[in-house]
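Structure first, commentary second.
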2 protein chains.
Amino acid sequence: MRLSTKGRYAVTAMLDLALNGQDGPVTLSDISENQGISLSYLEQLFAALRAKKLVRGVRGPGGGYFLGRDADEISIANIICAVDEWVEFTRCQGKEDCRGGQRCLTHSLWDDLSRQIYEFIEEISLADLVRRGQESNHGCHKEKPASTLGEISGQAA
Amino acid sequence: MRLSTKGRYAVTAMLDLALNGQDGPVTLSDISENQGISLSYLEQLFAALRAKKLVRGVRGPGGGYFLGRDADEISIANIICAVDEWVEFTRCQGKEDCRGGQRCLTHSLWDDLSRQIYEFIEEISLADLVRRGQESNHGCHKEKPASTLGEISGQAA
DNA sequence: TTATTACTTAGTAAAACACTAGGAATTTAA
DNA sequence: TTAAATTCCTAGTGTTTTACTAAGTAATAA
């Protein structure tokens, strides 16, 4: 399995899409600006996501991207697999010699572990993440309500 | 976070060490031959593993490597972190602008997810993997039951 | 018809990967 | 004391992956 920054870009973009795609399609320009990812790189990522039907593109002015299906039906594993090419590691699928079982033992143990991690992130959907963002207040600077901002800054100064 | 083939090599090598290191140190030559990993690459990986005290080297003839501590006390996360440099992704730790919170929202959501995956593989120890390998009969050519690691962290398979 | 968007392809600098090469330091055994 | 085995260290290298720039083509709304 592979889980790298590329997968993170894809998850981030899909998350942006899920968050902002309620009232219409979201353009890659928007995501690019929102998330600080180059437009052309996003286009490449979305080519892969589209191939796996995770997003649906609409051309022309007012166009952009929709989620390919409900956010509940898109797992993190789906997204990462789409862009990262989930590789099978063991090359000894009945072909290679097994070195007295040693080599294959570790291979199958890794396979099992790999499968476990996969099944773990397959259980987490895009909707789960969005829900979690709505419940607790995430954010960099913990934005204070505008009303209290004046008083705080007034006291500080 | 990153989880690539490099981490897999490290886990595989550590697994080999755990399996064969009962009666004395295991040489990198052995692991190299067993697992099909180049000796010099193993040396680089083990330099990182040694820096994190996950292995202990013994020089000279009859030397080799021991696990740095009990296999129960070494998690998969430990191993992967040692060689893969668990990177923090969000670059907006109070510094960068938050684009109205959008950018940071997705960043913190990714952080949460990343942390979950980390905590998941932190729960799995080298000893867990070895135990699983002893219980069920792993091997190349034998058809495996669906998942032999099912109960490892209470996750339903 | 024009602007806007998705889509496509080619190229590229930088990093990571996995390895080769050549040694130095340490220790065991002949 | 010498030779061999092993860890340990550093430098270099071809390949792949990243993340990006550039330059288009195709479809569509206004």
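Below, each value reflects all heavy atoms present in this structure, side chains not excepted, and no hydrogens, waters or symmetry copies.
Between the C1' atom of D:dC8 and the CZ atom of B:Arg50 lies a distance of 6 Å, rounded to the nearest Å. Rounded to whole angstrom, the span from the CG atom of B:Asp30 across to the C1' atom of D:dT7 amounts to 14 Å. For B:Gln44 and D:dT7, the CD to C1' distance is 14 Å, given to the nearest whole Å. At whole-Å resolution of the value, CG in A:Leu45 and C1' in D:dA19 are 9 Å apart. What separates CZ of A:Arg59 from P of C:dC7 is a distance of 6 Å, to the nearest Å. Residue B:Ile31 contributes atom CD1, which lies 12 Å from atom P of D:dC8 at whole-angstrom precision. Computed from coordinates, the B:Leu39 CG to C:dT20 P distance equals 9 Å when rounded to whole Å. Atom NZ of B:Lys6 is separated from atom P of C:dC19 by 12 Å (rounded to the nearest Å).
When each of B:Ala47 and B:Gly63 is assigned the nucleotide of DNA chain D with its nearest heavy atom, B:Gly63 is the one assigned upstream, toward the 5' end.
Within the 3.5 Å criterion, the main-chain N or O of B:Ile37 finds a donor-acceptor partner in the side chain of B:Ser32. Using modelled atom types, one side-chain atom of B:Thr12 and one backbone atom of B:Arg8 make a donor-acceptor pair closer than 3.5 Å. Between the B:Asp16 side chain and the B:Ala13 main chain, no donor and acceptor come within less than 3.5 Å of each other. Judged purely by atom type and a 3.5 angstrom limit, B:Asn34 has no side-chain atom pairing as donor or acceptor with the backbone of B:Ile31.
Scanning atom types as modelled, one donor and one acceptor separated by under 3.5 angstrom connect the side chain of A:Ser40 and the base of D:dA22.
If you check C:dT4, D:dC8, C:dC7 against the side chain of B:Tyr65, the one that comes closest is D:dC8. Distances from the side chain of A:Ser38 to the nucleotides C:dA25, C:dA6, D:dC20 place D:dC20 closest. The side chain of B:Tyr41 lies closest to C:dA18 when the candidates are D:dC20, D:dA29, C:dA18.
In terms of phosphate contacts, A:Thr5 brings no side-chain nitrogen or oxygen within less than 4.0 Å of OP1 or OP2 of D:dT18.
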